[in-house]
Undergrad: 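Okay, handing you the structure first.
Below, all heavy atoms of this structure are taken into account, side chains as well, without hydrogens, waters or symmetry copies. Chain naming here is simple, since letters A, B, ... match the order of the sequence lines and numbering starts at 1 in each.
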Amino acid sequence: MPIRFFNTLSRTKEPFEPMEPGKVRMYTCGPTVYNYAHIGNLRTFLFEDLLRRHLKYRGFDVYHVMNLTDVEDKIIRACKETGEPLKSLTAKYVDAFFEDLDALGVERAEEYPAATDHIPEMVELIKTLRDRGHTYEIDGSIYFKLSTFPQYGALSHFDMDQLQSGASGRVDSDEYATEDARDFALWKAYDEDDGAVFWETELGKGRPGWHIECSCMSMKYLGESFDIHCGGIDNMFPHHENEIAQSEAATGKQFVRYWLHSAHLSVENKKMSKSLGNIYTLRDLVAMGHDPLAVRWALISTHYKQPSNFTFEGLEAAKVTLNRIRDFRIRLEGIRGEGSDLAEAIETCEREFGDALDDDLNISGAIAAVFEFVREANRLMDKDDLSQEGARQALALLDRLNAVTGLFSPPLVDEVPQSILDLVQERQDARRAKDFARADAIREQLTSEGWVLEDTADGPRVKRT
RNA sequence: GGCGGCAUAGCCAAGUUGGUAAGGCAGAGGCCUGCAAAGCCUCCAUUCCCCGGUUCGAGUCCGGGUGCCGCCUCCA
């Protein structure tokens, strides 16, 4: 069965075939680095991570580019408010962004181009558009003339004549001195509010519009036509629509073949908003004591196209589920004897897992396949009938599936303090002396200090709660 | 006003071309255990927002409602 993706362009699931066999070139809209990424942003990045990992799992050579938007209205505003220079402000949040990715176990893309490193390329692209008659200039700013690109709207399926300009209530009319309200800026002439943020270029003194960086950098690193472009659903219009207009007007070629958009995340059934105080960053959750991998689980385990609801109850459930996998791995690692293997179950699990993800990244189905396998393997271990080789193969399976999802990794080994080990030993002595009251008291003490004690066939084991 | 998405057990959430409701969490009972924990077994949706229709058969198709959500110029 081929991989199929829901392509926003056609609004249908299509078999995925890259332009160049065996090689996938993809671009994903990255962070605007003026703040810490919130869990909604992270959900999208996790979906894209799953996408690239699954393509690699299926044998594709993936070349993935994610931009860093480091010049833009909100950033400039933040600079004004804090008095911090653009570069140092954005550098701080770029670092934070990569820290978050690492904590969540997100694989690195091949390239992370920053907008401010590509001003000359953007100028060139704008000049090309100008030469081709797609632009006009007002007061030093250059705009894309939408009337020269009649295909506009193909992605979002908006009928431009029916768009109600300003319906979202977010448009500041003063901001748009364009001929047509729908035209968008390619280059913004310098304004005093921009402070020290400007470039002296052939187009004059100013800065690029937001959309142009994605057209420019994606085509620079991936070519004028490439396979996959992703982003949050909110970027579909106008951002991605504008990217298409800029790119295709400049090259005359199809820009992107498959567009994949992730749905939004709500928090406790409410839209994230400052007034509700429910915009969480990864570091907020970690500060509350949550495991980043539990956050990964909570954010990745709902199909990307499905609106998802983040709840603390769900995060707890993710933690418990993650622990189930971790305990399972530890149990497998302890298997030594002879017995049956799990060849058939492994084959079934991996096939169902792969089939599910091939079907537009059906992560729920993939996870379900893994739990069927976990139960079967546990059953065999309960009967003491799993061979060491079988256990080894089961662990190898988990490693393969972990390479795709990042959900089945080995637990981090907790450093157990000597004081805790002493208590464990003391309890063992008490048990041997049949002083169970004392033994239970010690276990309660361990619990209160954040450790769970389990008596296993191989002796007592402590782990973090 | 326009466009789009979603409604499946207490919660989260899958359900290809219609064929008789995955999985996880929580809960109940049992096995195991000195007691636990972990694990395993059993139970937990005559039913998939509502009303019609097509069909031998619909969560899945068609028509009509209801509710929630998103986008409509720079929010992933």
Undergrad: List in chain and number order the residues that pass side chain to side chain donor-acceptor pair (under 3.5 Å) with A:Arg53, two or more places apart in sequence or in another chain; answer none if no residue qualifies.
TA: A:Asp49

Undergrad: Distances under 3.5 Å only, N/O to N/O: pair up the protein atoms with those of nucleotides 31-34 of chain B.
TA:
| residue | atom | partner | partner atom | Å |
| --- | --- | --- | --- | --- |
| B:G34 | N7 | A:Arg431 | NH2 | 3.3 |
| B:G34 | O6 | A:Arg427 | NH2 | 3.2 |
| B:G34 | O6 | A:Arg431 | NE | 3.1 |
| B:G34 | N1 | A:Asp440 | OD1 | 3.0 |
| B:G34 | N2 | A:Asp440 | OD1 | 3.3 |
| B:G34 | N2 | A:Asp440 | OD2 | 2.6 |

Undergrad: Would you please confirm or rule out a distance under 4.0 Å between OP1 or OP2 of B:G39 and any side-chain N or O of A:Arg331?
TA: no

Undergrad: Answer yes or no for this row: A:His264 ring on B:A76 base, centroids under 5.5 Å, planes under 30°.
TA: yes

Undergrad: Could you tell me whether A:Asp194 and A:Lys188 have a side-chain N and a carboxylate O separated by less than 4.0 Å?
TA: no

Undergrad: With sequence neighbours left out, which residue pairs that include part of residues 304-336 of chain A fulfil the ring-ring contact (aromatic ring centres under 6.0 Å, His included) condition?
TA: A:Phe47-A:Tyr304, A:Tyr280-A:Phe312, A:His290-A:Phe312, A:Phe310-A:Phe312

Undergrad: Which residues pass the side chain to side chain donor-acceptor pair (under 3.5 Å) test with A:Glu248, not counting sequence neighbours?
TA: none

Undergrad: Can you see if the side chain of A:Asn235 gets near the phosphate of B:A76 - specifically, an N or O under 4.0 Å from OP1 or OP2?
TA: no

Undergrad: Could you give all pairs that pass the salt bridge (charged side-chain N to carboxylate O under 4.0 Å, His left out) test and reach residues 321-331 of chain A, with sequence neighbours left out?
TA: A:Asp291-A:Arg326, A:Asp327-A:Arg461, A:Asp327-A:Lys463, A:Arg329-A:Asp399, A:Arg331-A:Asp382

Undergrad: Go through the structure and list residues passing side chain to side chain donor-acceptor pair (under 3.5 Å) with A:Gln246, not counting sequence neighbours.
TA: A:Ser215

Undergrad: Is there a side-chain contact between A:Asn362 and the phosphate of B:G15, meaning an N or O under 4.0 Å from OP1 or OP2?
TA: yes

Undergrad: Closer than 4.0 Å, any side-chain N/O of A:Gln306 to the OP1 or OP2 of B:C12?
TA: no

Undergrad: Pairs in or reaching into residues 440-453 of chain A: which pass salt bridge (charged side-chain N to carboxylate O under 4.0 Å, His left out), with residues at least two apart or in two chains?
TA: A:Asp440-A:Arg443

Undergrad: I'd like to compare against my own output: the B/S/- annotation of nucleotides 17-29 of chain B with a strict under-4.0 Å heavy-atom distance to protein.
TA: -----BSSS----

Undergrad: Sequence neighbours excluded, which residues qualify as salt bridge (Lys or Arg N to Asp or Glu O under 4.0 Å) partners of A:Glu376?
TA: none

Undergrad: What nucleotide among B:C75, B:C40, B:A38 has an atom nearest to a side-chain atom of A:Asp234?
TA: B:C75

